[in-house]
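Remarks on the structure that follows.
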Amino acid sequence: NYDAYIVGGAIRDICFDLKPKDVDIVTNATPYEIKKIFRGSRIIGKRFKLVHIGYGRNIIEVSTFRKNAIMQNGFIKKDEKGKLLRDNLFGSEKDDIQRRDITINSLLYDPNKRIIIDYFDGFKDIKNKKIKVIGDPKKRFIEDPMRIIRIIRISSKLNLQIDKKLSGIMVTNIDLIRDIPSSRLFDEFCKMFTNGHAASCIVMLYNFNVLKILVPRLSDLMRNEKNLDKIKKLLKASDQRFEKKLTISISFVLSSLFWVLIKDEHKALLKKNKLSKIRSIFIAVDNFFSNFKQINIPKRIQYEMKTIWVNQIRLENTRGKKPIKLLNSDMFKISYDFFLLRNQIDEINNDIFLWWADFYKKKS
Ligand code: ATP
Ligand code: MG
């Protein structure tokens, strides 16, 4: 007999009357003990082992209580800056809760006894819609700077207040986020921009100067009210899809997010060189990806973004055989959706828009 609790985002979201995206479970059973109980479960992870239990079509992630890090001569092992180096020891229930990021993520729910265990007054903070870091915020941000971005994501999703003191600490420590590995940032970006609150999230990332560090050129462009407004409108389209429970393509959202930047670069290139519009967009896109190292966008998604962007120029052409070729190409539908979205922000010439609407209706 073991203890097992539902923990983290799932309990938090239920308390906010939202349907949880996934359920995380913590237990005092070790991965091998868990595997013995659940047939068809799988142990995953190298440093810290977790168990995936198949449940219908879903996978439930179960982890053993963790302790924060290794104590060495009475100190937790960190690098010279204070960043956590290892994170792989089994611990107690309290240990596990203590290493979580914010109080509203720290509730444990015991489904057998039907009780909530609340070490850090997380329930009160849920009721008051408050974000509070567990422990000393500065130290927790040094241990793992991703926590700054997580706070932004979670407060934009749940419409929570970040008080002055905490926002001050976030902003003064913002440089730490340069150390986050680019692949981890990509995963976090996926969560941020597909959770139905992409528009408010980008405004927060901009206000907290996160964007200035991750994508400085976009941050500069957002100082212009018109660009800011465009980005918000483009992202709201994805937020509305979320509301309607439709799927959201990460390539589409990222294409929306960086569009003003691509457009700006395209315009500059056209001014500078005597190249065609189509050549220039290829160069603009290639420049963008080769200068963009902070967030590791997988090659397949880069390819899709590139196609969506390049197709915006191809869609300007309504003559000859090219439109029909484009219509029959792989990524036409998603590119055309982006074109329709751009029409809503008045970027499309009305004759071209009407021509495509008619052509599309006839041919499909
Ligand atoms: P979502 O609804 O997007 O899944 P979440 O809060 O559940 O949000 P997860 O990444 O699934 O986010 O993490 C599950 C739990 O693990 C969190 O609720 C939090 O308690 C803890 N956690 C996740 N990342 C960190 C971190 N960087 N530092 C401390 N605790 C974390
Ligand atoms: Mg979760």
Side-chain angles (χ1 to χ4, degrees), residues 5-27 44-45 47-48 50 52 55 58-69 76 78 82-89 91 93-109 116-123 125-126 131-160 166 170 173 176-177 179-181 183-198 200-201 210 242 248 250:
Y5 304 102
I6 301 175
V7 70
I11 300 295
R12 176 200 69 211
D13 288 354
I14 290 168
C15 292
F16 278 104
D17 258 339
L18 296 172
K19 192 171 172 268
K21 207 177 52 190
D22 47 30
V23 176
D24 298 308
I25 292 177
V26 280
T27 175
I44 60 149
R47 286 199 328 197
F48 192 87
L50 305 169
H52 276 176
Y55 180 78
N58 301 311
I59 288 175
I60 295 180
E61 198 168 276
V62 184
S63 63
T64 308
F65 292 136
R66 272 191 239 192
K67 205 162 25 194
N68 215 344
I76 292 174
K78 297 173 183 174
K83 202 165 137 193
L84 285 180
L85 284 179
R86 294 176 72 187
D87 188 24
N88 57 355
L89 277 194
E93 177 182 301
K94 179 82 189 279
D95 289 332
D96 189 275
I97 286 308
Q98 218 154 1
R99 52 174 286 288
R100 291 180 184 272
D101 50 359
I102 48 180
T103 58
I104 60 170
N105 281 345
S106 73
L107 299 172
L108 294 169
Y109 177 67
I116 282 183
I117 302 172
D118 185 2
Y119 285 103
F120 291 104
D121 266 345
F123 197 69
D125 293 334
I126 288 177
I131 294 257
K132 271 203 203 128
V133 174
I134 296 174
D136 175 48
K138 177 159 184 190
K139 279 190 195 142
R140 302 304 310 277
F141 295 156
I142 293 171
E143 280 176 4
D144 179 5
M146 186 65 101
R147 289 171 185 152
I148 298 177
I149 300 182
R150 285 178 53 85
I151 288 176
I152 291 176
R153 166 164 66 84
I154 292 167
S155 49
S156 68
K157 168 174 157 178
L158 300 170
N159 205 359
L160 307 179
L166 181 57
M170 287 165 72
N173 288 286
L176 294 168
I177 64 175
D179 288 342
I180 302 175
S183 54
R184 227 186 133 200
L185 270 176
F186 175 73
D187 293 342
E188 188 63 25
F189 256 61
C190 289
K191 285 191 175 186
M192 271 192 293
F193 291 101
T194 56
N195 73 358
H197 296 82
S200 64
C201 215
V210 174
F242 182 90
I248 297 172
I250 188 68

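Numbering of ligands and ligand atoms starts at 1, following listing order. Side-chain atoms are counted along with the backbone in the values below, which use heavy atoms only and exclude waters and symmetry mates. Remember, it's a predicted structure, so these values are computed and weren't measured experimentally.
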Any idea which atoms of ligand 1 are less than 4.0 Å away from a heavy-atom of [X]?
X      : result
Gly8   : 18 (O)
Arg12  : 1 (P), 2 (O), 5 (P), 6 (O), 8 (O)
Arg99  : 29 (C), 30 (N)
Lys157 : 2 (O)
Asp22  : 4 (O)
Arg184 : 27 (N)
Asp24  : 11 (O), 14 (C)

[atom] [closest protein heavy-atom partner, distance rounded to 0.1 Å]:
atom                    : result
atom 30 (N) of ligand 1 : Asp101 N, 3.2 Å
atom 28 (N) of ligand 1 : Arg147 NE, 2.7 Å
atom 9 (P) of ligand 1  : Lys191 NZ, 3.5 Å
atom 22 (N) of ligand 1 : Arg150 NH2, 3.8 Å
atom 4 (O) of ligand 1  : Lys21 NZ, 3.4 Å

One pair to check against salt bridge (Lys or Arg N to Asp or Glu O under 4.0 Å): Arg147 and Asp101. What are the steps and the verdict? CA-CA 7 Å; Arg147 289 171 185 152; Asp101 50 359; 5.9 Å; no
Passing candidate, side chain to side chain contact (heavy atoms under 4.5 Å, CB included) with Met170, options Val210, Ile151, Ile149, Leu176: Ile151
Should the proximity of Arg100 to ligand 1, defined as any heavy atom under 4.0 Å, be assigned to the side chain, the backbone, both, or neither?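 The answer is both.
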Can you tell which part of Asp144 has a heavy atom less than 4.0 Å from ligand 1: side chain, backbone, both or neither? side chain
Work out which heavy atom in [X] is nearest to a heavy atom in [Y]; give both atom names and the distance.
X      : Y      : value
Ile97  : Ser106 : CD1-O, 3.3 Å
Ser155 : Ile131 : CB-CD1, 4.0 Å
Thr64  : Asp96  : O-OD2, 4.1 Å

Below 4.0 Å from ligand 1: does a non-hydrogen atom of Met146 turn up there or not? no
If we only count N/O pairs under 3.5 Å, is Gly9 in contact with ligand 1? yes
Does an N or O anywhere in Arg153 fall below 3.5 Å from an N or O of ligand 1? yes
Assess the residue pair Asp144 and Arg150 against the criterion (salt bridge (Lys or Arg N to Asp or Glu O under 4.0 Å)); give the C-alpha distance rounded to whole Å, side-chain angles, the decisive distance to 0.1 Å, and a yes or no. CA-CA 11 Å; Asp144 179 5; Arg150 285 178 53 85; over 6 Å; no
Could you check whether atom OH of Tyr119 has more than 12 heavy atoms from other residues, nucleotides or ligands sitting under 6.0 Å from it?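 Counting neighbours around OH of Tyr119, more than 12 heavy atoms of other residues, nucleotides or ligands fall under 6.0 Å, so yes.
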Go through Arg100 and Asn105 one step at a time and tell me if the side-chain hydrogen bond (donor to acceptor under 3.5 Å, both in side chains) criterion holds. CA-CA 7 Å; Arg100 291 180 184 272; Asn105 281 345; over 6 Å; no
Salt bridge (Lys or Arg N to Asp or Glu O under 4.0 Å) between Arg140 and Glu143, intermediate numbers included: CA-CA 5 Å; Arg140 302 304 310 277; Glu143 280 176 4; 3.0 Å; yes
Within-4.5 Å side-chain heavy-atom neighbours: Lys138 and Asn173: yes
Side-chain donor-acceptor pair under 3.5 Å between Glu93 and Tyr5, yes or no? yes
In Asp22, the N/O/S atom nearest the Mg ion (ligand 2) carries the name OD1
